[in-house]
Amino acid sequence: MREYRPPRGFRDFPPEVMLLRREVIGKIVRVFERYGYEPLDTPAVENWETLAGKYGEEAEGKLMWRFTDPWSKKEYALRYDLTVPLARFISNNMDIPLPFKRYHIAPVWRHEEPQRGRYREFYQCDVDIVGSPYPEADAEIVDVVGESLRELGFSGFRIRLNDRRLLSAVFEEELGLKDPLPVYRSIDKLDKIGAEGVRKELTRTVGESLAEKIMSLISLGGGADSMRAICSRYSHNAKAKEACDHLEQLTSLAGEVTFDLSLVRGLDYYTGPILEVVLDQPKIGSVAGGGRYDKLIGTFTGKDIPATGASLGIERLIDAGVELGILKASRSTVTDVYLVVVDWSFLSYAWRAAKELRRSGLNVRIDPARASEESQRKRARRLGVPVIAFVGMSEAETNSLTLYSPAKGERAVVKLEEAPLVVRRFLS
RNA sequence: GCCCGGGUAGCUCAGCUGGUUAGAGCGUCGGGCUGUGGACCCGAAGGUCCCGGGUUCAAAUCCCGGCCCGGGCCCCA
């Protein structure tokens with residue numbers, strides 16, 4: 001037989017996986033809403049012009065899913081993230097009261113080579129605040145991200161923080177780099193290739209003396225102290241000072257963050273603080289990222305509106321969480337009760353019993369294919385249904401059900417009216 | 001683009017020091033047994049052993065190329 005599978009990097013989500021994903025998303029939504037973010041969704045497809053010029057050369061050159069509609073010949077693209085669609089949405093709804101706080105949980109598409117924690121279709125969970133230039137907005141984003149991770153059960157993670165203005169002030173204005181990108185790319189690898197590796201790369205690209213200066217900057221390590229050290233060294237620079245004041249206020253409000261001058265991030269549209277979350281345990285890349293993008297909305301409206309936000313990568317969180325054992329599907333089925341019909345001549349009673357249980361709010365499954373008792377029991381076990389209800393002659397004659405909880409090893413014969421109560425006891 | 005591992009039944013895989021009719025478990029289907037339900041019994045169907053070439057009397061098995069999947073690098077986030 002010919003094999004048909006999803007395209008490379010795309011996945012099916014079978015029920016057990018969906019239940020876990022739904023649980024994870026539910027927890028994240030609860031945190032987002034606790035802070036008063038409203039739900040938003042936008043189309044999977046955007047006009048190419050909407051997304052063009054927003055992400056940087058590499059993204060647009062090879063990472064975006066882009067196509068020409070064969071009928072209209074118009075150019076479209078699958079959305080690459082949720083931030084640019086937000087900016088587009090704002091530009092179409094300029095009457096929206098600001099600050100606008102929204103969350104957006106939806107798939108995005110990137111044409112990358114799949115790997116662990118990397119797919120071509122994956123969900124992002126975005127939270128953004130549109131309409132505030134102040135550090136408290138950024139601080140809130142930091143807190144929401146941290147709280148989401150804690151809600152999911154993660155404790156070993158770092159929220160790395162930096163600022164695009166500071167990067168630009170230090171590397172372009174102070175150190176005079178015309179093209180800082182290769183330098184950024186090198187220092188961004190600090191975690192991966194170590195200080196010596198970075199030093200080598202830098203020596204090759206900018207020469208030894210500059211490399212030394214850069215190394216001394218990024219080797220200050222993380223934390224508030226290194227931030228203050230860098231900030232005081234460059235306090236004479238207006239742009240650096242602006243960034244430093246912003247970061248100072250941000251960190252005074254937000255939960256614990258790690259300042260890190262080597263954090264860069266790839267997207268073009270960031271203009272201020274940038275953040276990234278990495279887990280201590282599995283090396284799976286970043287699980288969240290974000291930052292301030294005060295000029296992005298202006299590219300649509302002509303008028304800049306300050307905005308800041310972050311995105312949690314649910315695939316990596318799930319992959320990592322499962323690996324760490326802090327996430328696992330608590331159930332593999334939505335069914336509460338599997339009603340096993342021992343003798344199909346009592347189908348009508350079984351049917352009535354199922355309806356009765358459903359009316360009480362329970363999820364009840366009854367075999368629609370007249371399977372043997374044995375195979376019904378097997379299916380129930382395999383699904384992990386918490387309560388099995390048997391219906392045969394004696395139950396039908398006495399208006400009752402025999403309930404069994406495999407987990408508890410308990411069984412009870414109860415009147416149909418009392419069945420929901422007993423089921424709930426078995427479920428608890 | 002590069003490096004590793006893999007591709008055998010619907011699924012998970014064994015077989016791979018070449019050698020009759022290619023196997024297991026699970027699942028599916030059929031039958032039997034069973035009213036206390038965490039592995040019951042019997043039977044059946046189901047394979048282009050990824051594709052192409054080569055070596056050989058003989059290839060699922062060895063060699064080369066390709067395709068696909070997974071992981072890693074680069075990159076990205």
Side-chain angles (χ1 to χ4, degrees), chain A residues 1-12 14 55-64 80-83 108-120 122-124 126 160 181-182 184-186 188-189 191-193 197 201 263-268 270 274-279 282-291 310-317 319 338-343 346 369-398 400-413:
Chain A
M1 195 173 85
R2 207 197 127 168
E3 281 210 63
Y4 295 93
R5 19 163 133 241
R8 183 170 175 73
F10 290 72
R11 296 163 298 164
D12 292 320
Y55 300 106
E57 211 175 308
E58 168 124 40
E60 279 164 39
K62 47 199 289 200
L63 295 178
M64 289 183 73
Y80 185 81
D81 71 358
L82 301 176
T83 306
V108 301
W109 293 269
R110 296 187 186 179
H111 203 278
E112 304 206 67
E113 285 312 305
Q115 260 178 52
R116 184 171 74 137
R118 203 160 99 182
Y119 307 95
R120 290 183 165 184
F122 61 96
Y123 274 66
Q124 290 197 323
D126 266 41
R160 302 170 68 207
L181 225 71
Y184 292 161
R185 208 168 279 159
S186 293
D188 199 35
K189 291 184 201 161
D191 281 349
K192 279 184 190 162
I193 63 177
E201 280 200 24
L263 171 66
V264 179
R265 296 186 60 77
L267 298 179
D268 274 3
Y270 293 120
I274 47 181
L275 70 101
E276 185 168 288
V277 182
V278 287
L279 300 177
K283 288 196 165 65
I284 200 167
S286 62
V287 294
S311 183
L312 286 101
I314 207 183
E315 325 299 336
R316 289 179 175 183
L317 285 171
D319 286 357
Y338 199 117
L339 204 152
V340 170
V341 183
V342 176
D343 180 340
F346 300 104
R370 302 188 187 178
S372 68
E373 180 203 339
E374 174 65 20
S375 58
Q376 290 179 70
R377 281 205 322 261
K378 274 178 121 172
R379 265 164 225 171
R381 278 203 306 270
R382 191 169 171 218
L383 280 166
V385 176
V387 179
I388 302 176
F390 294 88
V391 167
M393 181 164 66
S394 82
E395 288 83 3
E397 282 178 349
T398 59
S400 58
L401 284 175
T402 297
L403 301 174
Y404 175 70
S405 159
K408 288 182 159 49
E410 275 185 71
R411 60 182 292 280
V413 183

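Given the structure is predicted, the values throughout are model-derived calculations rather than measurements. Excluded from the calculations below are hydrogen atoms, water molecules and symmetry mates; all remaining heavy atoms, backbone and side chain alike, are included. Each chain gets a letter, A, B and so on, in the order the sequences are listed, and its residues count up from 1.
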Considering only the P atoms, how many Å lie between B:G37 and B:A45, rounded to the nearest integer? 34 Å
Nearest whole Å is fine: how far is B:C3 C1' from A:Glu113 CD? 14 Å
Sorted by chain and number, sequence neighbours left out, side chain to side chain donor-acceptor pair (under 3.5 Å) with A:Ser375 holds for A:Ser372
Nearest-neighbour nucleotide for the A:Met393 side chain, B:G72, B:G35, B:G27 considered: B:G35
For A:Asp343, is there any backbone N or O sitting under 3.5 Å from a side-chain donor or acceptor partner on A:Glu373? no
Protein-nucleotide distance (A:Phe10, atom CZ; B:C69, atom P), rounded to Å: 12 Å
By the 4.0 Å heavy-atom rule, please label A:Ser311 as base, sugar-phosphate, or nothing. nothing
note: A:Asp343, atom CG; B:U34, atom P; distance rounded to Å ~ 13 Å
Euclidean distance for C1', B:G71 against B:G27 (whole angstrom): 29 Å
What's the CZ-C1' distance between A:Arg118 and B:C73, to the nearest Å? 10 Å
Between A:Arg265 and A:Pro114, which has a closest nucleotide on RNA chain B that is more 5'? A:Pro114
Say whether, by atom type as modelled, one donor and one acceptor occur between the side chain of A:Glu276 and the main chain of A:Arg160 under 3.5 angstrom. no
Side-chain N or O of A:Arg116 closer than 4.0 Å to phosphate OP1/OP2 of B:C69: no
Give a yes or no on whether the backbone of A:Val287 and the side-chain of A:Arg316 come within a donor-acceptor separation of less than 3.5 Å. no
Is A:Glu113 salt-bridged to A:Arg118, cutoff N-O under 4.0 Å? no
What distance separates A:Arg120 CZ from A:Arg110 CZ, expressed to the nearest 0.5 Å? 13.5 Å
Rounded distance in Å - CZ (A:Arg379) to C1' (B:C26): 14 Å
Less than 4.0 angstrom between a side-chain N/O of A:Arg8 and OP1 or OP2 of B:G70, yes or no? yes
Separation of B:C29 P from A:Arg370 CZ (nearest whole Å): 15 Å
Taking atom P in both B:C50 and B:G6, compute the distance separating them and give it to the nearest angstrom. 13 Å
From CD of A:Glu60 over to C1' of B:C76, roughly how many Å is that when rounded to an integer? 15 Å
Pairing check on B:C74: which nucleotide meets the Watson-Crick or G-U wobble criteria with it, both distances under 3.5 Å? none
Once you apply a heavy-atom cut-off of 4.0 Å, does A:Arg110 come out as touching a base, just sugar-phosphate, or nothing? sugar-phosphate
A:Gln115 side chain near B:G71 phosphate (N/O to OP1/OP2, under 4.0 Å): no
Using purine N1 to pyrimidine N3 plus N6-O4 or O6-N4 for Watson-Crick, or N1-O2 and O6-N3 for G-U wobble, both under 3.5 Å, which nucleotide pairs with B:C26? B:G10
Just name whichever nucleotide pairs with B:U21, Watson-Crick or G-U, keeping both distances under 3.5 Å, else none. none
Determine the Euclidean distance between corresponding P atoms of B:U8 and B:U48; express it in Å to zero decimal places. 11 Å
Within this structure, what is the NE2-to-P distance between A:His111 and B:A77, rounded to whole angstrom? 17 Å
Could you work out the separation of B:U61 and B:G1 based on their C1' atoms and round it to a whole Å? 32 Å
Is A:Gly392 touching bases, backbone alone, or none of the nucleic acid, heavy atoms closer than 4.0 Å? base
Rounded to whole angstrom, note down the C1' distance from B:G19 over to B:A60. 13 Å
Does the structure show a Watson-Crick or G-U wobble partner for B:G37, both distances under 3.5 Å? Name it, or say none. none
So does A:Leu63 get a backbone contact from the side chain of A:Glu112, meaning a donor-acceptor N/O pair under 3.5 Å? no
Using atom C1' of each nucleotide, how far apart are B:A39 and B:C33 to the nearest Å? 16 Å
Which residues satisfy the ring pair (Phe, Tyr, Trp, His ring centres under 6.0 Å) test with A:Tyr270, sequence neighbours excluded? none
Output one letter per nucleotide in nucleotides 37-42 of chain B: B when a protein non-hydrogen atom lies under 4.0 Å from the base, S when only the sugar-phosphate is that close, - when neither is. BB-B--
For A:Gly392, does its backbone N or O pair with a side-chain atom of A:Glu395 as donor and acceptor, under 3.5 Å? yes
Measuring only the C1' atom in each nucleotide, how far is B:C51 from B:C40? A whole number of Å is fine. 44 Å
